[in-house]
Visitor: 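Got a structure here, written out as structure tokens. Questions coming.
Naming convention: chains lettered A, B, ... in sequence-line order (proteins, then strands); numbering from 1 in each chain.
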Amino acid sequence: MTKEVRTRFAPSPTGFLHVGGARTALFCYLQARAHDGTFILRIEDTDLQRSTPESVRAILDGMEWLGLDYDEGPYYQTQRFDRYAEVVQQLLNEGKAYHCYCSKERIEAIREEQMKAGAKPRYDGHCRDLDQPPQGSGFVASPVVRFRNPIQGTVVFEDLVRGQISISNGELDDLVIARPDGSPTYNFTVVVDDLDMGITQVIRGDDHINNTPRQINIYHALGAEHPQFAHVPMILGDDGARLSNRHGAVGVMQYRDDGYLPQALLNYLVRLGWSHGDQEVFSRDEMIEKFSIRDVNRKASAFNTDKLDWLNQQYIKNLPNEEVAVHLQWHFAQAGLDPADGPSLADLVSVQADRVKTLKEMTQLSRSFYADFEHFDPGAAKKHLRPVAEQALRAIGSRLADLSRWEPERLDAVVRLTAEELEVGMGKIAQPLRVALTGTAVSPSIDKTLWLTGRDRSLARIARALEYVLIRAAAS
RNA sequence: GCUCCCUUCGUCUAGCGGUCCAGGACGCCGCCCUCUCAAGGCGGAAACACGAGUUCGAUUCUCGUAGGGAGCGCCA
């Protein structure tokens with residue numbers, strides 16, 4: 001008996017898909033998936049001035065990277081102008097809309113006056129009941145079409161996240177639904193589309209709350225029931241200030257470039273304004289199963305990169321190495337590294353997962369396993385490649401050269417044995433060796449570092465470090 | 001200015017009248033582990049914006065105040 005759930009994400013292509021939009025899209029997606037419903041993508045491109053094909057592409061790319069697949073669309077409003085014109089004519093015929101000849105200057109003058117008087121600026125309804133076009137200054141020949149909003153009564157609706165919201169019709173005025181050239185405006189097209197597309201739940205940013213009552217009046221004028229509404233709060237930047245295209249908003253693709261996994265971003269986003277007890281990590285299926293739009297918070301929330309970092313690492317650690325490797329490959333390409341020049345990326349992930357927050361970081365820290373380095377880090381060399389390291393490097397070098405199988409367990413045993421024989425701590429062997437192998441004082445545990453560096457490369461680098469130590473000893 | 005909306009640790013949040021001298025997570029601090037850096041384990045500091053009601057009892061309900069946000073477009 002219940003209607004099929006149909007949700008839509010309806011961005012306007014005036015920029016990239018940022019995290020706020022991505023979260024709205026995610027909520028729409030989850031709502032649909034949770035109810036075996038349909039998720040629709042609709043591009044609201046009626047503003048010919050600001051919409052661009054590049055933005056459409058950017059939004060589509062963002063959706064794809066996040067894996068928010070839609071069942072219908074993308075629909076484009078610019079391809080539906082005939083339909084809007086048809087509905088405008090219908091309202092005109094039924095007397096539910098009328099032509100308004102007021103000039104922008106006249107409207108502006110009224111607005112200023114009302115503001116000065118401390119009132120809310122509204123259209124004064126001059127053309128609402130005219131028999132024929134008005135003449136004189138203040139009026140133009142080509143009219144806009146205004147919706148005849150009810151004067152009496154109050155619009156009350158039950159918002160899925162805010163609860164009951166009511167606004168008196170006295171607060172609303174007759175909004176323009178079509179421009180002189182016939183092109184429709186937002187508050188009108190959104191109603192026609194949501195109606196035509198059978199949308200059951202409109203999930204959108206809370207900046208639309210104030211538009212909702214006037215849209216509801218249009219639904220009624222069209223003789224239709226309005227869908228349910230869910231207004232989700234916006235996302236603030238790290239600094240608590242509003243996240244917008246002008247301030248700090250970055251496209252979701254930037255997160256890919258910075259080394260985040262789409263799963264991690266999605267997980268982070270779903271927890272912004274929504275929770276399920278104390279649970280922090282949700283697989284896609286768990287999100288679908290547990291998400292409810294009714295559980296979404298009312299408060300705006302600030303984006304916290306530290307927590308995203310943590311989640312990203314959780315995913316890097318817990319996802320199958322092979323899966324992480326697929327994403328890592330892209331970063332290798334960006335960095336000009338070829339995975340074929342070193343250990344398998346899955347092996348690399350298995351040892352680096354604990355040590356990095358992002359794939360970009362992993363790539364940077366893994367460079368020496370795939371390519372030679374020019375110089376030792378000055379600080380590391382100064383501290384660890386001292387004359388006293390000669391003995392350690394010689395000993396470990398010759399033992400490693402004799403090793404038949406290059407495996408972590410054996411490598412670990414060799415290092416330990418060498419330390420015991422020389423009667424020194426592990427650090428006295430491992431640190432010079434680490435600098436010899438990677439050029440730096442920081443790397444995975446020494447056995448794993450040897451393993452990933454590989455036999456030939458390791459032996460060559462130990463020899464090179466030995467040479468460096470000898471030259472340095474001779475110089476002093 | 002007018003209308004609508006919001007308000008628990010620094011941040012994300014749990015809480016749906018007594019179970020709360022408020023729980024979890026990130027971050028931060030300390031200890032442990034340790035070949036470096038991490039990861040991990042253990043512990044710690046840290047919040048109900050304020051004021052009135054309602055009630056035997058308010059973080060939880062109501063109303064104000066303060067602060068914040070949004071809208072008031074021939075943008076979406």
Visitor: Applying the side chain to side chain contact (heavy atoms under 4.5 Å, CB included) criterion to A:Leu261, which one of A:Thr358, A:Leu266, A:Ile316, A:Leu311 satisfies it?
Guide: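 Single pass found, and it is A:Ile316.
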Visitor: Can you tell me the base-pairing partner of B:rA45? Count Watson-Crick or G-U wobble geometry only, both distances below 3.5 Å, and say none if there is no partner.
Guide: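 Base-paired to nothing in any strand shown.
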Visitor: Quick one: which of B:rU11, B:rC35, B:rA76 gets closest to the side chain of A:Ser445?
Guide: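 Between B:rU11, B:rC35, B:rA76, the one nearest the side chain of A:Ser445 would be B:rC35.
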Visitor: Between the side chains of A:Arg162 and A:Asp206, is the shortest nitrogen-to-carboxylate-oxygen separation below 4.0 Å, so that they form an ion pair?
Guide: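 A:Arg162 and A:Asp206: salt-bridged.
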Visitor: Under 4.0 Å between a Lys/Arg side-chain N and an Asp/Glu carboxylate O for A:Glu390 and A:Arg394?
Guide: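 The answer is yes: the pair qualifies as a salt bridge.
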Visitor: Between A:Ser301 and B:rU13, does any side-chain N or O lie under 4.0 Å from OP1 or OP2?
Guide: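 Answer yes for this pair, as a side-chain N or O of A:Ser301 is under 4.0 Å from OP1 or OP2.
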Visitor: A:His208 has an atom NE2; how far is it from atom C1' of B:rA76, in whole Å?
Guide: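 My rounded result for the distance is 6 Å.
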Visitor: Under 4.0 Å between any heavy atoms, over every strand shown, what does A:Asp45 touch: base, sugar-phosphate, or nothing? Just pick one.
Guide: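 Answer is nothing: A:Asp45 stays at 4.0 Å or more from every strand.
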Visitor: Tell me which nucleotide among B:rU36, B:rG69, B:rC35 gets nearest to the side chain of A:Met426.
Guide: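 So the nucleotide nearest the side chain must be B:rC35.
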Visitor: Sort out the partner of B:rG51 for me: Watson-Crick or G-U wobble, both distances under 3.5 Å, none otherwise.
Guide: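 B:rC63 - that is the nucleotide pairing with B:rG51, both distances being under 3.5 Å.
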Visitor: Are A:Asp124 and A:Arg106 within salt-bridge range, i.e. N to O under 4.0 Å?
Guide: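 A salt bridge is present here (some side-chain N lies under 4.0 Å from a carboxylate O).
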Visitor: Any side-chain N or O of A:Thr46 under 4.0 Å from OP1/OP2 of B:rA76?
Guide: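 True: A:Thr46 side-chain N/O within range (under 4.0 Å) of B:rA76 OP1/OP2.
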Visitor: Between B:rC35, B:rA39, B:rG73, spot the one nearest the side chain of A:Lys357, thanks.
Guide: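 Selected nucleotide (nearest to the side chain): B:rA39.
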Visitor: Under 4.0 Å: is that the gap between some side-chain N or O of A:Arg111 and OP1 or OP2 of B:rG73?
Guide: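 Indeed, a polar side-chain atom of A:Arg111 lies that close.
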Visitor: Which base, if any, makes a Watson-Crick or G-U wobble pair with B:rA70, both distances under 3.5 Å?
Guide: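 Check on B:rA70: paired to B:rU3, both distances under 3.5 Å.
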Visitor: List the steps, then state whether ring pair (Phe, Tyr, Trp, His ring centres under 6.0 Å) holds for A:Phe229 with A:His226.
Guide: CA-CA 9 Å; A:Phe229 294 99; A:His226 64 78; 5.5 Å; yes
Visitor: When you compare B:rG69 with B:rU8, how far apart are their P atoms, in angstrom units rounded to a whole number?
Guide: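 Comparing P positions in B:rG69 and B:rU8 gives a spacing of 15 Å.
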Visitor: Quickly work out the A:Asn267 CG to B:rU13 C1' distance and round it to whole Å.
Guide: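 So the CG-C1' distance, A:Asn267 to B:rU13, works out to 14 Å.
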Visitor: Between the base of B:rG1 and the side chain of A:Gln114, is there a donor and acceptor pair under 3.5 angstrom?
Guide: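 Counting by modelled atom types and ignoring angles, no donor-acceptor contact under 3.5 Å is found here.
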Visitor: Among B:rC35, B:rG24, B:rG27, which nucleotide sits nearest the side chain of A:Asp278?
Guide: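 It is B:rG24.
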Visitor: Are any of the side-chain nitrogens in A:Arg148 or A:Asp174 under 4.0 Å away from the carboxylate oxygens of its partner?
Guide: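 The answer is no: the pair does not qualify as a salt bridge.
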Visitor: Identify whether any heavy atom of A:Pro11 sits under 4.0 Å from a base atom; if not, whether one sits that close to sugar-phosphate; answer base, sugar-phosphate or nothing.
Guide: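 Result for A:Pro11 = nothing.
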Visitor: Both A:Lys307 and A:Gly425 contact RNA chain B. Which one's nearest nucleotide lies toward the 5' end?
Guide: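 First, find each residue's nearest nucleotide; the 5'-ward one identifies A:Lys307.
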Visitor: Taking atom C1' in both B:rC6 and B:rA49, compute the distance separating them and give it to the nearest angstrom.
Guide: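 Approximately 12 Å lies between the C1' atom of B:rC6 and that of B:rA49.
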Visitor: Would you indicate which nucleotide in B:rC35, B:rG24, B:rG27 comes nearest to any side-chain atom of A:Arg271?
Guide: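 The answer is B:rG24, which lies nearest to the side chain.
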Visitor: Would you call A:Arg146 and A:Asp173 a salt bridge, taking side-chain N to carboxylate O under 4.0 Å as the test?
Guide: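 Looking at A:Asp173 together with A:Arg146, the answer is no, because their closest N to O distance does not fall below 4.0 Å.
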Visitor: Would you please confirm or rule out a distance under 4.0 Å between OP1 or OP2 of B:rG71 and any side-chain N or O of A:Lys120?
Guide: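 Checking A:Lys120 against B:rG71: no side-chain N or O falls below 4.0 Å of OP1 or OP2.
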Visitor: Quantified in whole Å, what is the C1' atom distance between nucleotide B:rU13 and nucleotide B:rG27?
Guide: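 It comes out at 14 Å once rounded to the nearest Å.
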Visitor: Grab the CE-P distance between A:Met115 and B:rC2 for me, whole Å please.
Guide: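 Roughly 11 Å, once rounded to whole Å.
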Visitor: What is the base-pairing partner of B:rC16, counting Watson-Crick and G-U wobble geometry with both distances under 3.5 Å?
Guide: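 Answer to the pairing question: none, since B:rC16 forms no Watson-Crick or G-U pair.
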Visitor: When you get a sec, tell me which of B:rG27, B:rA39, B:rC4 is the closest nucleotide to the side chain of A:Lys317?
Guide: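 Nearest to the side-chain atoms of A:Lys317, counting from C-beta on, is B:rA39.
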Visitor: Picking from B:rU3, B:rA39, B:rC72, which would you name as closest to the side chain of A:Asp354?
Guide: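 Among the listed nucleotides, the one closest to the side chain of A:Asp354 is B:rA39.
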Visitor: Reading RNA chain B from 5' onward, which residue's closest nucleotide shows up sooner: A:Asp295 or A:Ile165?
Guide: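 Its nucleotide being nearer the 5' end, the pick is A:Ile165.
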Visitor: Between B:rC4, B:rG27, B:rU13, spot the one nearest the side chain of A:Asn210, thanks.
Guide: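 Of all the options, the side chain of A:Asn210 is nearest to B:rC4.
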Visitor: Within the structure shown, what part of the strands sits under 4.0 Å from A:Val176 by heavy-atom distance: base, sugar-phosphate, or nothing?
Guide: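 Sugar-phosphate: the residue A:Val176, judged by heavy atoms under 4.0 Å, touches backbone atoms but no base.
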Visitor: Could you tell me how far apart A:Arg23 (CZ) and B:rC12 (P) are, to the nearest whole angstrom?
Guide: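 For the pair A:Arg23 CZ and B:rC12 P, the rounded distance is 11 Å.
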Visitor: Determine the Euclidean distance between corresponding C1' atoms of B:rG73 and B:rG68; express it in Å to zero decimal places.
Guide: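 These two C1' atoms come out 24 Å apart once rounded.
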Visitor: Hey, does A:Ser168 reach any base, or is it just sugar-phosphate, or nothing, if we go heavy atoms under 4.0 Å?
Guide: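 The residue A:Ser168 makes no contact with any strand.
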Visitor: Could you state the CG-P distance from A:Leu272 to B:rA25, rounded to the nearest angstrom?
Guide: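 That distance rounds to 18 Å.
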Visitor: Given the P atoms of B:rA45 and B:rA25, what is the spacing between them in whole Å?
Guide: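 Pairwise P distance, B:rA45 against B:rA25, rounds to 15 Å.
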Visitor: Does a side-chain N or O of A:Arg298 approach OP1 or OP2 of B:rC6 to a distance below 4.0 Å, or not?
Guide: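 The answer is yes; a side-chain N or O of A:Arg298 sits under 4.0 Å from OP1 or OP2.
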Visitor: Can you check the distance between B:rG15 and B:rU7, where both ends of the measurement are the P atom (answer in whole Å)?
Guide: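 Rounded to whole Å, the distance is 14 Å.
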Visitor: Inspect the contact between A:Glu54 and A:Arg57 and indicate whether a charged nitrogen and a carboxylate oxygen are less than 4.0 angstrom apart.
Guide: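 Here A:Arg57 does not pair with A:Glu54 in a salt bridge, since their nearest N and O are not under 4.0 Å apart.
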Visitor: Below 4.0 angstrom from OP1 or OP2 of B:rU7, is there any side-chain N or O of A:Asn297?
Guide: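 No, because none of the side-chain N or O atoms of A:Asn297 sits under 4.0 Å from OP1 or OP2 of B:rU7.
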Visitor: Heavy atoms under 4.0 Å, any strand shown: does A:Gln313 hit a base, just sugar-phosphate, or nothing?
Guide: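 Touches sugar-phosphate only.
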Visitor: If I pick the C1' atom on B:rU3 and the same atom on B:rG44, what distance separates them, to the nearest angstrom?
Guide: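 Their C1' atoms lie roughly 47 Å apart.
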Visitor: Using atom C1' of each nucleotide, how far apart are B:rU65 and B:rU55 to the nearest Å?
Guide: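 Each nucleotide's C1' atom is 23 Å from the other's.
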Visitor: With a non-hydrogen cut-off below 4.0 angstrom, is A:Thr185 in contact with a base, only sugar-phosphate, or nothing?
Guide: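 The answer is sugar-phosphate, as A:Thr185 gets under 4.0 Å only of primed atoms, P, OP1 or OP2.
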Visitor: Between A:Lys299 and B:rU8, does any side-chain N or O lie under 4.0 Å from OP1 or OP2?
Guide: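 Yes.
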Visitor: Going through the checks in order, is the ring pair (Phe, Tyr, Trp, His ring centres under 6.0 Å) test met by A:Phe282 and A:Trp274?
Guide: CA-CA 12 Å; A:Phe282 296 85; A:Trp274 175 80; 5.2 Å; yes
Visitor: Answer yes when A:Lys448 and A:Asp412 have at least one side-chain N-carboxylate O distance shorter than 4.0 Å, and no when they do not.
Guide: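 A:Asp412 and A:Lys448: not salt-bridged.
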Visitor: In whole angstrom, give the distance that lies between atom CZ of A:Phe282 and atom P of B:rC12.
Guide: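 One finds 17 Å between P of B:rC12 and CZ of A:Phe282, rounded.
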Visitor: Over all strands shown, is A:Pro233 touching base, sugar-phosphate only, or nothing at heavy-atom distances under 4.0 angstrom?
Guide: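 No contact at all - A:Pro233 keeps every heavy atom at 4.0 Å or more from the nucleic acid.
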Visitor: Name the nucleic acid region contacted by A:Ile446, choosing base, sugar-phosphate or nothing; use a 4.0 angstrom heavy-atom cut-off, strictly under.
Guide: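 The answer is base, as A:Ile446 lies within the cut-off (heavy atoms under 4.0 Å) of a base atom.
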Visitor: Give one of base, sugar-phosphate or nothing for A:Glu280, where a contact means two heavy atoms less than 4.0 Å apart.
Guide: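 If one applies the 4.0 Å heavy-atom cut-off, A:Glu280 turns out to touch a base.
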Visitor: Have a look at A:Gly273 and say if it touches a base, only the backbone sugar-phosphate, or nothing, with a 4.0 Å heavy-atom cut-off.
Guide: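 Sugar-phosphate contact only.
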Visitor: Checking base pairs now: Watson-Crick or wobble, both atom distances under 3.5 Å. What partners B:rC26?
Guide: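 B:rC26 is paired, partner B:rG10.
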Visitor: With the side chain of A:Gln431 defined as its heavy atoms from C-beta on, choose the nearest nucleotide among B:rC35, B:rC5, B:rA76.
Guide: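 Between B:rC35, B:rC5, B:rA76, the one nearest the side chain of A:Gln431 would be B:rC35.
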Visitor: Between B:rC26, B:rU11, B:rC35, which nucleotide has the shortest distance from any of its atoms to the side chain of A:Asp447?
Guide: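 Within the option list, the nearest is B:rC35.
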Visitor: Scan every strand shown for a Watson-Crick or G-U wobble partner of B:rU36, both distances under 3.5 Å, and answer none if you come up empty.
Guide: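 Across any shown strand, B:rU36 pairs with none.
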